[in-house]
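Notes to accompany the following structure.
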Amino acid sequence: MTTLRLYNTLTRQKEDFAPLDPDNVRLYVCGPTVYDYAHIGNARPVIVFDVLYRLLRHVYGADHVTYVRNITDIDDKINARAAEVAAAKNVSVEAARAEITAATAKQYLDDVTALGCLPPTHTPRATEYVKQMVAMIGKLVADGHAYPAEGHVLFDVSSKPDYGKLARRSLDEMLAGARVEVAPYKKNPMDFVLWKPSDDLTPGWESPWGRGRPGWHIECSAMGEALLGETFDIHGGGIDLMFPHHENEIAQSESAHHDHQLAKVWMHNGFLQVEGEKMSKSLGNFVTINELLKDWRGDVVRFNMLKTHYRQPIDWTSQGLVESFNTLANWFRTFSLSSEMSQPIADSVLEALSDDLNTPKMIAELHVLYRDGKHELLASTLKALGFSGDIEDPKIAVGSEGAIAIEQQIAARTAARKAKNFAESDRIRDELLAKGIVLKDGPNGTTWEVKR
RNA sequence: GGCCACGUGGCGGAGUGGUGACGCAGCGGUCUGCAAAACCGCGUACCCCGGUUCAAUUCCGGGCGUGGCCUCCA
């Protein structure tokens with residue numbers, strides 16, 4: 001059996017991966033907060049961990065991997081939007097919240113599916129697990145790891161001696177760098193919120209500490225526990241979540257579970273920049289997955305994402321997308337992917353992926369397969385990696401009528417060439433080119449494609 | 001200010017203590033009426049300065065640069 005090596009943020013080194021239970025390998029990845037379209041940065045962990053999910057399924061068997069990716073539908077940004085919608089439509093904040101999150105979550109799942117990502121085994125929503133969150137908070141309070149204060153419940157970081165082990169930062173260091181005002185009711189400035197009170201205009205749930213809502217970190221702890229148990233194999237997410245989110249998740253879960261380790265391996269994907277700059281709404285370079293999919297098929301986006309190793313920062317550029325498109329176009333004009341093909345993965349690719357998801361190496365190996373004429377193996381490998389084989393330009397859908405017209409033009413050109421009427425044949429070629437159609441003369445006749 | 005990553009040819013991007021991955025672009029060629037495509041061939045790169053070593057891009061130290069985190073953020 002293939003041995004995977006994965007970089008573990010906890011130990012800061014690559015380790016051989018040995019599942020707690022090979023019959024049920026468990027993976028948790030932090031999903032989106034659903035208040036707006038997901039952007040291309042959100043797509044990175046989804047694609048990266050989908051590759052990991054596929055790899056685990058390949059190695060341990062498709063029925064022996066449980067993948068949980070949550071949807072956060074309790075959040076103050078959502079609440080802010082819900083308040084606006086509630087006021088505008090004269091509905092309750094609860095109804096507005098439900099409407100916003102349902103629509104955004106559906107959009108997210110559609111986008112991610114278009115990127116070739118398999119649905120996780122479970123996609124829990126935070127609102128469905130409030131009961132479990134309240135129970136976990138209650139346990140933490142009872143055990144002295146948390147305390148109520150002014151309607152809030154706070155986690156007491158001093159009760160967790162190894163707090164900071166993931167981020168590798170001591171409490172003193174965190175305090176030295178702190179730049180935020182500390183709420184007066186906190187015992188320790190680093191204490192974080194498990195539960196906070198809701199007013200009448202904010203969605204809330206009943207709890208022993210009054211009507212309120214859970215803090216962000218406890219959501220993942222509760223959902224992870226409910227679906228994967230106290231200890232699971234791999235926890236993934238963006239590197240920006242390492243602190244405080246993941247650190248706090250560890251603190252909560254391990255404190256509630258008699259110090260049983262939350263996850264054996266922590267994996268973090270690097271950040272993404274757009275054309276060399278940090279992506280932000282103010283810079284106007286904010287790219288949503290949805291917009292991107294209007295210009296490029298999911299295969300192109302997926303391939304482009306995998307050209308960079310997941311732990312490296314990635315610079316998202318249009319030049320890169322064109323390059324990715326051209327590569328795939330080159331392959332898919334030689335062979336196609338069929339849905340019923342068996343899906344063996346080339347050994348060289350498996351080897352690259354097994355080394356901490358070395359996808360740049362994997363792509364190099366794909367090129368080698370192509371160069372060596374192993375088209376069938378290349379096709380099945382791509383299929384197994386989540387590619388569909390469809391990279392037609394979504395903007396220039398020629399359609400069957402358009403295709404027939406083009407074929408007629410090509411026939412006319414071929415006839416002109418046979419008659420050595422090159423002025424006419426070149427005219428037809430130029431005319432098609434003006435419409436964005438490129439002709440390619442090969443030994444078996446002329447083919448065409450949309451220029452990119 | 002504190003903490004942490006990273007710095008490979010025109011570009012993207014692997015890897016290694018000692019024979020220059022892979023792709024794009026570029027150059028040359030085959031083919032073609034021509035062009036494109038396709039195919040074949042061509043590249044002595046590893047931020048700077050010290051140190052260790054027979055040998056460093058690869059290990060160690062320092063410097064510079066870029067990015068991230070410390071606050072919601074994938």
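A, B, ... follow the sequence lines: proteins, then strands. Residue 1 opens every chain. This one's a predicted model, so the numbers in the text were calculated from it and none came from an experiment.
Separation of the C1' atoms belonging to B:A56 and B:C46 is 11 Å when rounded to the nearest angstrom. Distance check on atom C1': B:G13 versus B:U52 gives 30 Å, rounded to whole Å. The P atoms of B:A14 and B:G23 are separated by 15 Å, rounded to the nearest whole Å. Distance noted for atom P between B:C22 and B:C59: 23 Å (whole Å). Nucleotides B:U57 and B:C4 place their C1' atoms 23 Å apart, quoted to the nearest Å. Going from the C1' atom of B:U58 to that of B:U53 covers 13 Å, rounded to whole Å. With P as the reference atom, B:A37 and B:C27 are 12 Å apart, rounded to whole Å. For the C1' atom pair drawn from B:A25 and B:C34, the interatomic distance equals 24 Å after rounding to whole Å.
Closest to the A:Asp355 side chain, of the nucleotides B:G15, B:A14, B:C69, is B:G15. Relative to the side chain of A:Lys278, the nucleotides B:C6, B:G68, B:G12 differ in distance, and B:G68 lies closest. The A:Pro360 side chain lies nearest to B:A14 when the options are B:A21, B:A14, B:C73. Comparing atom distances between the A:Val368 side chain and each of B:A74, B:C22, B:C70 picks out B:C22 as nearest.
Stacking of A:Arg311 on the aromatic ring of A:Tyr7 is recorded, both the 6.0 Å distance cut-off and the 45° axial limit being met.
Pairing analysis of RNA chain B (Watson-Crick: purine N1 to pyrimidine N3 plus N6-O4 or O6-N4; G-U wobble: N1-O2 and O6-N3; both under 3.5 Å) yields stems of 3 or more pairs at B:1-7 with B:64-70, B:10-12 with B:22-24, B:26-30 with B:38-42, B:47-51 with B:59-63.
Applying the 4.0 Å criterion to OP1 and OP2 of B:G23, one finds that A:Thr327 has every side-chain N and O outside that range. At the phosphate of B:A37, neither OP1 nor OP2 sits under 4.0 Å from any side-chain N or O atom of A:Asn330. For A:Trp216 and B:C73, the shortest distance from a side-chain N or O to OP1 or OP2 is below 4.0 Å. Here A:Asn358 reaches the OP1 or OP2 of B:G15: one of its side-chain N or O atoms lies under 4.0 Å away.
Using cut-offs of 30° and 60° on the angle between ring planes, the pair A:Tyr370 and A:Trp331 is tilted. The aromatic rings of A:Trp195 and A:Trp209 lie tilted to each other, with the angle between the two planes from 30° to 60°.
Remark: A:Asp372 pairs with no residue by the salt bridge (charged side-chain N to carboxylate O under 4.0 Å, His left out) rule, at least two apart or across chains. Evaluation of the side chain to side chain donor-acceptor pair (under 3.5 Å) rule for A:Tyr163 yields A:Asn248 as partners, not counting sequence neighbours. With sequence neighbours left out, A:His58 forms a ring-ring contact (aromatic ring centres under 6.0 Å, His included) with no residue at all. Applying the salt bridge (charged side-chain N to carboxylate O under 4.0 Å, His left out) test to A:Arg57 and every residue at least two apart in sequence or in another chain returns nothing. Residues satisfying the salt bridge (charged side-chain N to carboxylate O under 4.0 Å, His left out) criterion with A:Arg429, sequence neighbours excluded, are A:Asp426. For A:Ser388, the side chain to side chain donor-acceptor pair (under 3.5 Å) partners are A:Asp299, not counting sequence neighbours. With sequence neighbours excluded, no residue satisfies ring-ring contact (aromatic ring centres under 6.0 Å, His included) with A:Tyr129. Among residues two or more places apart in sequence or in another chain, the ring-ring contact (aromatic ring centres under 6.0 Å, His included) test is passed with A:Phe192 by A:Phe155, A:His217. Residues passing the salt bridge (charged side-chain N to carboxylate O under 4.0 Å, His left out) test with A:Glu323 are A:Lys307, sequence neighbours excluded.
A:Asn70 places its CG atom 11 Å from the P atom of B:A74, with the value rounded to the nearest Å. We find that CD1 of A:Ile363 is positioned 10 Å from P of B:A14, with the value rounded to whole Å. Distance, A:Leu321 CG to B:G12 P: 15 Å, rounded to whole Å. If you take CH2 of A:Trp331 and C1' of B:A37, they are 18 Å apart, rounded to a whole angstrom. Remark: C1' of B:G13 and CG of A:Asn304 are 12 Å apart, rounded to the nearest angstrom. Across the protein-nucleic acid pair, A:Arg311 atom CZ and B:A14 atom P stand 10 Å apart, rounded to whole Å. Residue A:Gln312 contributes atom CD, which lies 14 Å from atom P of B:G68 at whole-angstrom precision. For the pair A:Glu275 CD and B:G12 P, the interatomic distance rounds to 12 Å; values are reported in whole Å.
Closest-nucleotide positions on RNA chain B for A:Phe243 and A:Pro313 were compared, and the one nearer the 5' end corresponds to A:Pro313. Mapped onto RNA chain B by nearest heavy atom, A:Glu365 and A:Asp240 fall at different nucleotides, with A:Glu365 at the one closer to the 5' end.
Remark: ring of A:Phe271 not stacked against base of B:G67; the cut-offs of centroid gap under 5.5 Å and plane tilt under 30° are not jointly satisfied.
Note that the OH atom of A:Tyr108 and the CG atom of A:Asn290 stand 13.5 Å from one another [nearest 0.5 Å]. Between A:Glu247 atom CD and A:Lys165 atom NZ the span is 8.0 Å, to the nearest 0.5 Å.
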Please write out each protein N/O paired with an N/O of nucleotides 27-35 of chain B under 3.5 Å, distance rounded to 0.1 Å.
unit_1	atom_1	unit_2	atom_2	d
B:G33	O6	A:Arg417	NE	3.4
B:G33	O6	A:Ser425	OG	3.4
B:G33	N1	A:Asp426	OD1	3.0
B:G33	N2	A:Asp426	OD2	2.9
B:C34	O2	A:Arg429	NH2	3.0
B:C34	N3	A:Arg429	NH1	2.9
B:C34	N3	A:Arg429	NH2	3.4
B:C34	N4	A:Arg429	NH1	3.4
B:A35	N6	A:Asp441	OD2	2.5
B:A35	N1	A:Arg429	NH1	3.1
B:A35	N3	A:Arg429	NH1	3.0

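In the region residues 30-43 of chain A, proximity to RNA chain B at under 4.0 angstrom, judged on heavy atoms, holds for A:His39, A:Gly41, A:Asn42.
Among the protein residues, A:Leu272 comes within range of the nucleic acid bases, having at least one heavy atom under 4.0 Å from a base atom.
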